[in-house]
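Structure, as structure tokens:
Reminder, nothing fancy here: chain letters follow the sequence lines and each chain counts from 1. Note that the coordinates shown come from a computational prediction; the quantities given were computed from them, not determined experimentally.
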There are 2 protein chains.
Amino acid sequence: MSASDSAGLPAPNPIATPAPKPRVARVAPKPRPSKRPRRVAPGELPLGQILAGDCIKQMNALPEGSVDMIFADPPYNLQLKGDLHRPDNSKVDAVDDAWDRFDGFSAYDRFSRAWLKAARRVLKPGGTLWVIGSYHNIFRVGSALQDEGYWVLNDIIWRKSNPMPNFRGRRFTNAHETLIWAARDEGGKYDFNYEALKSLNDGVQMRSDWVLPICSGAERLKGEDGKKAHPTQKPEALLHRVILGTTQPGAVILDPFFGSGTTGAAAKRLGRAWIGIEQDVTYRKVARARIDAVRPYDMESLRVSASRRQAPRIPFGQVLERGLLTPGQMLTSGNGRHRAKVRADGTLVAHDVSGSIHQVGAALEGAPSCNGWTYWHFEGPAGRAPIDLLRQQLIAELDS
Amino acid sequence: MSASDSAGLPAPNPIATPAPKPRVARVAPKPRPSKRPRRVAPGELPLGQILAGDCIKQMNALPEGSVDMIFADPPYNLQLKGDLHRPDNSKVDAVDDAWDRFDGFSAYDRFSRAWLKAARRVLKPGGTLWVIGSYHNIFRVGSALQDEGYWVLNDIIWRKSNPMPNFRGRRFTNAHETLIWAARDEGGKYDFNYEALKSLNDGVQMRSDWVLPICSGAERLKGEDGKKAHPTQKPEALLHRVILGTTQPGAVILDPFFGSGTTGAAAKRLGRAWIGIEQDVTYRKVARARIDAVRPYDMESLRVSASRRQAPRIPFGQVLERGLLTPGQMLTSGNGRHRAKVRADGTLVAHDVSGSIHQVGAALEGAPSCNGWTYWHFEGPAGRAPIDLLRQQLIAELDS
DNA sequence: AGCACACATGAATCGACGG
DNA sequence: GCCGTCGATTCATGTGTGC
């Protein structure tokens, strides 16, 4: 289904609630096949449509200064070489699609500058841009948008609660992606729903790091073959926070790399108008069907899932890093029968055993398991105390 | 206090016991005043010294390929006009925002490329670079280091547990900083203490997002006036994780923007050698006093959980030679689906396949590869166990 | 039905060493 | 430098299956 197939549908973005700043543009009366973009007059934006073809050409065909916010998930230029297998020998289904391959950094930079320039033209004066990326591309994109005149407002870290691990043990688990939020111009006024975000976050200011799970399970769109319909579908919770936080109801949101249409789905749920651009006909079909099926959220359930805080887990190593204990220091067991020395990596050594606080405790006691936090004691200013006291100190800090 | 003031001090990083990979360079016998850098011959690195003056000149005076790791916390104020590498073609008369922005970024980019290039020259082939920054500069620095030929290994998010709130309520609370970890070259071998980091994190691999508080309280250095001695002092816990995770004991660590000397303090504690460069005489004094007061951890507590990678290799044939298994004996796969017979030359036979323990396992499972040590099991006195147990017996003998 | 366990999978720049 | 072989390496979730 291409964008034109949806021409007869009713406007997919009825604005259900009164907007503080009504900004709804009229839907184009007769949208036409759009692979070859046609100049669009102001006031006839192709709202609720997925335009086909190259996003730069399509953006250049839109009227200048007509869009409130742009969310862009451009190719990351991952530069993968060989295959990667998990320890169980299964193969990782990597992103090796043709659209993610570029001929070096300078080709990628040219591409970035081109779409960023076109995007900036269609933004309204108070408009903002969101881009998401990883370390492969985000520095290129960030520099390019600064060069193009955008003004960075924040960088936002999406901390994945369930990232793919690092299988070879050669790097840190790549457990986050970076978003950049930028205004079209320095000093311009832009939309920021401070209070809405604060209440979304249990009454405290929304920070620049967001903990959200990756898109999986029922939310992940599948093809007829049961495989994932899009290799990099973003979770709707991410877009929910972006849209709720930085646009007004009725705003026009443009996504030049529409993919599976997460931006459109979230926008529709939240009463914002949207325009998508996507080259791949299969992705367009998937996105169209998805968005047509969208019904407004049960807002209460979304709020809970988005703001759920996880209980802080304090590794013993952090007690060392924070200097509450020192490598070389001796710990004693609560019953006074055993001693062990702390090492710089958070393991203990006692005679011929070494390992975590739990492992060494269990080994010395000949027990199947042992809670090292309560088993081991240190000599504190007020006498001997379990090291759990130190953990409590760190947990208390996190709460404050 | 300039670097020369510390000339008479004993080397602050005596490596007491043999390190796994001894990499300690000799301390310069007669360090001299160093504001005007002097070419340093290989083998006379100014270890434990804080060099004065411009970091680019100082780095260029160091021998090529002499440093294991560089930690850099570059300035990111764009007020570079005047002092830093400004091209003298420009006269600042009119207020032209676009030009001013471009000039600001391009001057900063030149500065970044210059120090990154100098840093890369002094790095050993397997050396790595750490840089820390915020959204003001990290995209520029990240792009520049990619352009200079560094290979990004990770970007790391330092998630501050106690950030400064956003008072005006116009943006997200800026609650993190970004670090980039990069190798000198693509494909080079670099140090990564996977197991140590995993131990430090309670047995799960270390992720790219680190939760640590900002530097405050007793750790925060104060001047005589009671005010903070340095505006952006980094917490030592951050450097502890960086150094423990990505260098070996005895490594040479260089910090070209030494500031209050957190890198030197953490390096000294962890039994690594260090070199600092700092322009500001007050910061040099603060750092010198701070580091002199640091006592290193003892060597045993610096020993870190070893990876199996570093264990000596035992050929399977040796298990036979030592009589731990007998030719003709049957092995079974861990999943119980396959059997194979041991031959006298250390190969296995199963139906129509024969070869090494790895090859036969891979063939039977239809997998690209297989670790035969953990795949194959034998019938031991206490039931079925992986043949890896026998190997560990031999490794343990070697240790004693 | 409910529980236990197996299995699948996610934007991935993911070796070392000897011949 | 190429090539073959050894052998090191995973976390959080969701779904499916079998008892």
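Contacts with DNA chain D (heavy atom under 4.0 Å) in residues 347-363 of chain B: Ser356(B), His358(B), Gln359(B), listed by number.
In this structure, the nucleotide among dA12(C), dA11(C), dA8(D) sitting nearest to the side chain of Arg308(B) is dA8(D). You'll find that the side chain of Trp373(B) is closest to dG7(D), out of dA12(C), dT10(D), dG7(D). Closest to the Gln205(B) side chain, of the nucleotides dT13(C), dT9(D), dT10(D), is dT10(D). Relative to the side chain of Ser369(B), the nucleotides dA12(C), dA8(D), dA11(C) differ in distance, and dA8(D) lies closest. Distances were taken from every side-chain heavy atom of Gln146(B) (C-beta onward) to each of dT13(C), dC11(D), dA11(C); the shortest belongs to dT13(C). Closest to the His136(A) side chain, of the nucleotides dT10(D), dA12(C), dG7(D), is dA12(C). Closest to the side chain of Asp100(A), out of dC14(C), dA11(C), dT13(C), is dA11(C).
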**Item:** Intermediate values then yes/no, side chain to side chain donor-acceptor pair (under 3.5 Å), Thr332(B) and His377(B)
**Value:** CA-CA 5 Å; Thr332(B) 53; His377(B) 290 57; 5.7 Å; no

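Remark: Arg391(B) is positioned above the aromatic ring of Trp373(B), its terminal NZ or CZ atom under 6.0 angstrom from the ring centre and at most 45 degrees off the axis.
Contacts classified as side-chain hydrogen bond (donor to acceptor under 3.5 Å, both in side chains) and involving residues 215-228 of chain A (residues at least two apart or in different chains) are given here: Asp93(A)-Lys228(A).
The same atom, C1', is picked in dA8(C) and in dT10(D); the two are 13 Å apart, to the nearest Å.
Residue contacts shown for Glu219(A) are absent, as no nucleic acid heavy atom lies under 4.0 Å away. Counting any heavy atom pair closer than 4.0 Å across all strands shown, Arg207(B) reaches no nucleic acid atom. Across all strands, Ser307(B) comes closer than 4.0 Å only to sugar-phosphate atoms, never to a base (heavy-atom distances).
Ring geometry for Trp115(A) versus Phe257(A): interplanar angle over 60°, hence perpendicular rather than tilted (30 to 60°).
Distances shorter than 4.0 Å separate none of the side-chain N or O atoms of Tyr194(B) from OP1 or OP2 on dT9(D). Using a 4.0 Å cut-off, no side-chain N or O of Lys234(A) falls inside it from OP1 or OP2 of dA11(C). Between Asn371(B) and dC6(D), a side-chain N or O to OP1/OP2 separation shorter than 4.0 Å is absent.
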Between the protein and nucleotides 15-17 of chain C, are there any N/O to N/O pairs under 3.5 Å, and if so, what are the atom names and distances?
{"from": "dC17(C)", "atom 1": "OP2", "to": "Lys189(B)", "atom 2": "NZ", "distance (Å)": "3.1"}

Report, one pair per line, the protein and nucleotides 2-9 of chain C atoms (nitrogen or oxygen only) whose separation is under 3.5 Å.
none

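There is a side-chain donor-acceptor pair under 3.5 Å between Tyr108(A) and Asn137(A). In this structure, a donor-acceptor pair under 3.5 Å is absent between the side chains of Glu195(B) and Ser307(B).
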Intra- and inter-strand pairing of DNA chain C, written as dot-bracket with Watson-Crick and G-U pairs under 3.5 Å and | for the latter, reads .|||||||||....|||||

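The ring of Tyr283(A) has its center no closer than 6.0 angstrom to the ring center of Phe258(A). Aromatic pair Phe192(B)/Trp181(B): ring centres closer than 6.0 Å.
With a 4.5 Å cut-off on side-chain heavy atoms, Met69(B) and Ile243(B) count as touching.
dT13(C): glycosidic angle within 90° of 0, hence syn.
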Per-nt protein contacts along nucleotides 14-19 of chain D (heavy atom under 4.0 Å; B base, S backbone sugar-phosphate only, - none) come out as SS----

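In terms of position along DNA chain D, the nucleotide closest to Pro315(B) lies nearer the 5' end than the nucleotide closest to the other residue of the pair Val204(B) and Pro315(B).
No N or O donor and acceptor, one from the side chain of Asp96(A) and one from the base of dA12(C), sit under 3.5 Å apart.
Aromatic stacking of Phe167(A) on dC14(C): not satisfied for centres closer than 5.5 Å together with planes under 30 degrees.
Screening Lys160(A), Arg159(A), Arg171(A), His176(A) for a side-chain hydrogen bond (donor to acceptor under 3.5 Å, both in side chains) with Ser208(B), the sole residue that qualifies is His176(A).
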